[in-house]
Number of protein chains: 2
Amino acid sequence: MPHCHTYLKKLRDHGYRITPQREMIVQIIAHCGRHMSAEEIMEKVREKTTSINIATVYRTLDLLVENGLASRFDLGNGKTAYATSEHGPHIHLVCRHCGSVTEITENDISASLDRIEDIYDFDCRPYHFSIHGLCRDCRDSMTD
Amino acid sequence: MPHCHTYLKKLRDHGYRITPQREMIVQIIAHCGRHMSAEEIMEKVREKTTSINIATVYRTLDLLVENGLASRFDLGNGKTAYATSEHGPHIHLVCRHCGSVTEITENDISASLDRIEDIYDFDCRPYHFSIHGLCRDCRDSMTD
DNA sequence: TTGCTTGTTGCGAAGGTTCGCATCAAAGGA
DNA sequence: TCCTTTGATGCGAACCTTCGCAACAAGCAA
Ligand SMILES: [Mn+2]
Ligand SMILES: [Mn+2]
Ligand SMILES: [Zn+2]
Ligand SMILES: [Zn+2]
């Protein structure tokens with residue numbers, strides 16, 4: 001729902017400058033609903049211009065995360081993944097043994113997150129992060 | 001409570017070999033109750049012997065994590081942290097803006113984790129991970 | 001439009017982590 | 001005890017991410 005323009009406006013309102021690089025990066029990540037790595041984002045931007053550097057991509061993503069416009073997390077594949085709030089609130093269950101990723105709805109944990117917000121005054125939104133553990137199949141296949 | 005010996009036995013029972021390097025690494029991380037980085041662990045081991053390499057430290061830590069004997073997570077300082085279950089179950093609230101870390105008790109979220117275990121058959125233990133968000137101070141100081 | 005201020009970029013280097021491979025040695029059997 | 005098998009180690013290279021700094025340009029005011 002919030003379009004690129006909204007993200008850029010928020011950055012500008014926070015006193016950051018709007019550069020062509022930032023515009024392109026925001027457009028890519030906001031329009032693509034899924035998770036992307038920094039490298040993927042750079043390749044997409046490269047399709048439009050050569051004037052982009054991986055360090056700038058990381059710095060822009062940091063900016064978005066720091067300002068709550070994107071989430072950053074670990075899918076256990078060696079690369080960090082990024083997504084805007086378009087991607088929707090949910091949690092990833094990542095198996096520490098086989099690496100499988102199960103997406104679960106926010107509802108399954110929102111009560112606890114609300115509790116944390118109340119008690120500790122800590123804003124967990126956007127609800128989009130990973131919990132690492134052991135999936136059923138892996139648990140079954142372990143004698144322990 | 002579980003001593004180094006228990007960890008090593010579990011590894012052996014899973015078919016892994018017990019090497020001097022693994023013994024030393026397990027001893028360091030099990031006895032030191034706090035979080036440690038791979039680099040810290042290697043330095044501690046180096047105090048006893050020179051026969052240790054950072055790649056071996058990482059591989060051993062991966063092994064412990066994969067087998068549920070240690071947890072690995074991101075404290076937002078650029079390094080990955082590791083700890084055994086001696087460190088106890090709890091969750092870290094990491095502020096995405098100022099980097100502050102608040103430790104909260106497992107109770108505040110265990111109901112949801114139990115629910116996840118029931119519904120998805122996914123074992124979240126040991127309960128020791130981070131949730132990234134925005135602390136009260138940072139939220140207050142943002143006009144938004 | 002022009003010039004100034006200062007945040008941003010690109011680049012190369014450094015830091016942290018993983019990988020491939022030859023060598024080594026733990027574990028188990030003879 | 002000695003040998004064999006095969007998993008583990010050390011090392012260097014590669015990969016991902018961050019950092020420092022000089023050059024650049026967005027935004028603003030005149
Ligand atoms: Mn997701
Ligand atoms: Mn902890
Ligand atoms: Zn699994
Ligand atoms: Zn904060």
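Values in this document were obtained by computation on a predicted structure and should not be read as measured data. Lettering follows sequence order; numbering is per chain, from 1.
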Figure out the [atom1]/[atom2] separation between [X] and [N], and round it to whole Å.
X: B:L11; N: D:dA8; atom1: CG; atom2: P; value: 10 Å
X: B:E23; N: D:dT9; atom1: CD; atom2: P; value: 11 Å
X: B:K79; N: D:dC19; atom1: NZ; atom2: P; value: 12 Å
X: B:R72; N: C:dT18; atom1: CZ; atom2: C1'; value: 12 Å
X: B:L64; N: D:dA8; atom1: CG; atom2: P; value: 12 Å
X: B:H14; N: C:dA27; atom1: NE2; atom2: P; value: 16 Å
X: B:L8; N: C:dA26; atom1: CG; atom2: P; value: 14 Å
X: B:D62; N: D:dG7; atom1: CG; atom2: C1'; value: 16 Å

Qualifying salt bridge (charged side-chain N to carboxylate O under 4.0 Å, His left out) pairs with a residue from [range], counting only residues at least two apart or across chains:
range: residues 97-122 of chain A; value: A:D108-B:R115, A:R115-B:D108, A:E117-A:R125, A:D121-B:R136, A:D121-B:R139
range: residues 44-72 of chain B; value: B:D62-B:R72
range: residues 18-32 of chain B; value: none

Quiz prompt | Sugar-phosphate or base contact per nucleotide [nucleotides 23-30 of chain D; S, B, -; heavy atom under 4.0 Å] | solution = --BBS---

Quiz item: A:H90: what forms a ring pair (Phe, Tyr, Trp, His ring centres under 6.0 Å) with it, not counting sequence neighbours?
Solution: A:H87, A:H92, A:H128

Identify, with sequence neighbours excluded, every residue that meets side chain to side chain contact (heavy atoms under 4.5 Å, CB included) alongside [X].
X: A:T49; value: A:M24, A:V45, A:S51
X: B:N53; value: B:A55, B:T56
X: B:C32; value: B:R34, B:M36

Quiz prompt | Phosphate contact (C:dG10 OP1 or OP2) by A:Q21 side-chain N/O below 4.0 Å | solution = yes

Practice problem: State whether B:R22 places a side-chain N or O below 4.0 Å from either non-bridging phosphate oxygen (OP1 or OP2) of D:dA8. | Solution: yes

Quiz prompt | Donor-acceptor pair under 3.5 Å, B:R59 side chain vs D:dG7 base | solution = no

Quiz prompt | Aromatic ring proximity A:F73/A:H35, centre distance under 6.0 Å | solution = yes

Quiz item: Is there a donor-acceptor pair under 3.5 Å between the side chain of B:N77 and the backbone N or O of B:K79?
Solution: yes

Self-check item: Positions of residues 41-55 of chain A (non-hydrogen atom under 4.0 Å from DNA chain C), listed by number
Solution: A:S51, A:I52, A:N53, A:A55

Practice problem: Answer with base, sugar-phosphate or nothing: what part of the nucleic acid does A:S37 contact at a heavy-atom distance below 4.0 Å? | Solution: nothing

